[in-house]
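Reminder, nothing fancy here: chain letters follow the sequence lines and each chain counts from 1.
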Number of protein chains: 2
Amino acid sequence: MSNKQALKQYDIKKYRTPDGYTSDICVFTISSEKNEAYKPPTMDLKIMLIKRAGVDSEGNMNIEANKWAIPGGFVQDDETGFQAAKRELEEETNISGIHIKHFGVYDKPGRDPRGWIISNAHYAIVPDTYLSLRKAQDDAADIELFSINDVLDLDLAFDHKQIIEDAIQVITNDLLQTTVAKNFLPEYFTYSELQAVLKTVTNDPAILSDQSFSRKIKSLPFIQEVQGKTTTRTSKRATKLYTFIEMDVIKPIYTARY
Amino acid sequence: MSNKQALKQYDIKKYRTPDGYTSDICVFTISSEKNEAYKPPTMDLKIMLIKRAGVDSEGNMNIEANKWAIPGGFVQDDETGFQAAKRELEEETNISGIHIKHFGVYDKPGRDPRGWIISNAHYAIVPDTYLSLRKAQDDAADIELFSINDVLDLDLAFDHKQIIEDAIQVITNDLLQTTVAKNFLPEYFTYSELQAVLKTVTNDPAILSDQSFSRKIKSLPFIQEVQGKTTTRTSKRATKLYTFIEMDVIKPIYTARY
DNA sequence: CAAATAGTGTCTTTGAGACAGTATTGA
DNA sequence: TCAATACTGTCTCAAAGACACTATTTG
């Protein structure tokens, strides 16, 4: 065993090393499709993609030209992949404090024709106001939001179809089994706003029903009613506001009610 | 924006590339501490570590010598990190079909004094019989199982303390919120065997109580009673057997009972 | 007042949790 | 027989789900 160990270390020179190490970010936003006065929002979960250029800076044909891709870039040698993702997202959106989470590594040989390139996949949650702003400032031709219901029909670069599929699965899970939904909401929100977020990823009748959900929200240990504050942004009648309590929630499937 | 994109591609030559790409595996096993006849098992969640050699093959002092470490090795350029983890684990234990899951990437600059080395972290679930066997065959001085309650007190190599902490958190979550517990159990198991697995990571009274749990298990949609089969391995009285049904379980925290 | 949203009142049914009791069988 | 494990019977309490109803406010 000691030999085996020592040999492994010797092998360090033998193995080929990767040609690149990148971080990519699936930027999700929930845009209120309709946002009329005194109406609860109708929401749609969207992902931001960029369109790859047709030619590179030297005028040569670009690889995966004109295809849609998730934003990303190379990790520098003085930062982690996570830090790189954060940096790139901040460069892209000009905001910090964004919720961002690593969810996978994509390293299948041949995934990038340029070489052996390893990609860290992250998802981020960004309020849609920032993205509309970003799109307005810049030449906006090559940045677009796509509904998660449509995005997989696009012509996507590299293995980004797989990455996006996985990201949608992960964020669906996280929205339902963690309190990450709070990142799509203002600090104080109404029951119907939280409900609209969850509706983007589930058909659970207990969540779909207004009465059930407005009753249920009062008994959730990780959500608290904000006393004495109301809003009229979702209805003419003043509506109670709630806020998330900071806590880890692990509800075992073995004790839940089915 | 097109310029920015093109520039990014140009940068491919500018960035330093990693010095190594590895896969490490936290090998978990549940050993039955007591396994007397007609007794339900008392289980303990353990992790397998190897002891790093004192000197390398050339007789030089090894880095992180004599410290405990999680097993792993370099990813080859014709395989993914996940495949490498599977290959290494099979080399180590001589079994295939093991449950293995990627849970993180460790790439903090300076984490490995030998260079910029990126590690994919996985956890695996291995029946303890295989590990005892493996330990018996080999010179066993440098391979050991540690309870997750003790392992963090050891002198651990590199950033393996962090990796193991994270692995314990992830497997705890998965055991309670997915059906991954099935990998610690035979195909047909008793309620007390499943209970013993869950007890290694939770103090939930509904799981701790024999009566509650033996009732509850009948109503779980992902567990089915095996008709007409019983066992006496956990008690003198014949005990009903159950099996997991293949299905995805996502129980929203918003509909669970608290 | 009509329409829309946000609730509440109340009933039925289900299940969780607790406690006590029964069932089975080897030592 | 006893001790240990695996249940089952039954009660109480809380919550889920359904339905009807009330509350509030603007156009």
Side-chain angles (χ1 to χ4, degrees), chain A residues 32 34-43 188-196 198-199 202-223 225-242 251-258, chain B residues 32 34-43 188-196 198-199 202-223 225-242 251-258:
Chain A
S32 304
K34 296 185 294 180
N35 223 343
E36 306 161 45
Y38 311 119
K39 289 269 180 185
T42 304
M43 294 185 171
Y188 301 143
F189 52 89
T190 70
Y191 86 92
S192 60
E193 288 169 335
L194 172 57
Q195 188 188 24
L198 300 178
K199 273 174 161 175
T202 187
N203 294 315
D204 193 311
I207 289 174
L208 277 271
S209 157
D210 290 357
Q211 289 115 321
S212 290
F213 197 71
S214 67
R215 271 221 171 85
K216 182 73 193 181
I217 198 171
K218 294 184 214 296
S219 67
L220 297 174
F222 48 89
I223 290 182
E225 190 179 329
V226 181
Q227 294 297 332
K229 284 204 178 187
T230 56
T231 183
T232 55
R233 65 176 176 262
T234 62
S235 114
K236 293 164 184 170
R237 173 172 172 180
T239 310
K240 284 180 184 161
L241 287 168
Y242 298 89
K251 186 67 190 170
I253 55 174
Y254 300 99
T255 60
R257 194 171 180 169
Y258 285 92
Chain B
S32 304
K34 297 184 294 179
N35 223 341
E36 304 162 45
Y38 311 118
K39 289 270 179 185
T42 304
M43 294 185 173
Y188 301 142
F189 53 89
T190 70
Y191 86 93
S192 59
E193 287 168 335
L194 172 57
Q195 188 187 25
L198 300 178
K199 273 174 161 176
T202 187
N203 294 315
D204 194 310
I207 289 174
L208 277 272
S209 157
D210 289 0
Q211 289 114 320
S212 291
F213 198 71
S214 67
R215 270 220 172 85
K216 183 73 194 180
I217 197 172
K218 293 185 217 294
S219 67
L220 297 173
F222 49 90
I223 291 183
E225 191 178 328
V226 180
Q227 295 296 332
K229 283 204 180 189
T230 56
T231 183
T232 55
R233 64 175 176 263
T234 61
S235 108
K236 294 165 185 170
R237 173 175 171 179
T239 310
K240 284 179 185 162
L241 287 168
Y242 298 89
K251 185 68 190 169
I253 55 174
Y254 300 99
T255 61
R257 197 173 177 168
Y258 285 93

Are there any protein N/O atoms within less than 3.5 Å of an N/O atom in nucleotides 2-4 of chain C, and if so, which ones and at what distance?
none

* Intermediate values then yes/no, side-chain contact (heavy atoms from CB on, under 4.5 Å), A:Tyr242 and A:Ile217 -> CA-CA 9 Å; A:Tyr242 298 89; A:Ile217 198 171; 3.7 Å; yes
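Taking the 5' to 3' direction, DNA chain D first and last meets chain A under 4.0 angstrom from a heavy atom at D:dA16 to D:dT26.
The closest donor-acceptor contact from the side chain of B:Thr202 to the backbone of B:Leu198 lies at 3.5 Å or more, if one exists at all.
One finds the OH atom of B:Tyr254 at 5.5 Å from the CD1 atom of A:Ile223 (value rounded to the nearest 0.5 Å). Once rounded to the nearest 0.5 Å, the distance linking NZ of A:Lys240 with OG1 of A:Thr230 reads 10.5 Å. To the nearest 0.5 Å, atom CZ of residue A:Arg257 and atom OG1 of residue B:Thr255 are 11.0 Å apart. With rounding to the nearest 0.5 Å, the separation of OG1 in A:Thr234 from CD in A:Glu193 is 6.0 Å.
Checking the phosphate oxygens (OP1, OP2) of C:dT5, no side-chain nitrogen or oxygen of A:Ser192 falls inside 4.0 Å. The side chain of A:Tyr191 contributes no N or O atom lying less than 4.0 Å from OP1 or OP2 of C:dG7. Taking only side-chain nitrogens and oxygens, A:Thr234 comes nearer than 4.0 Å to OP1 or OP2 of C:dA6.
Residues that satisfy the side chain to side chain contact (heavy atoms under 4.5 Å, CB included) test with B:Tyr258, not counting sequence neighbours, are A:Leu220, A:Pro221, A:Phe222, A:Val249, A:Lys251, B:Ile253, B:Ala256. Under the ring-ring contact (aromatic ring centres under 6.0 Å, His included) criterion, B:Tyr191 pairs with no residue at all, not counting sequence neighbours. The side chain to side chain contact (heavy atoms under 4.5 Å, CB included) check on B:Thr231 picks up B:Thr190, B:Arg233, B:Thr239, B:Leu241, with sequence neighbours excluded. Annotation: side chain to side chain contact (heavy atoms under 4.5 Å, CB included) contacts of B:Gln211 (sequence neighbours excluded): B:Ser209.
The two atoms that bring B:Leu208 and B:Gln195 nearest to each other are O-NE2, 3.2 Å, heavy atoms only.
Between the CD atom of A:Glu193 and the P atom of C:dG7 there is a distance of 11 Å, given to the nearest Å. The nearest whole Å value for the distance from the NZ atom in A:Lys240 to the C1' atom in C:dT5 is 14 Å.
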* Go along nucleotides 11-21 of chain C 5' to 3' and tag each nucleotide: B for a protein heavy atom under 4.0 Å from its base, S when only backbone or sugar atoms are that close, - otherwise. => ---BBSSB-B-
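Looking at heavy-atom distances under 4.0 Å, B:Thr232 makes no contact with the nucleic acid at all.
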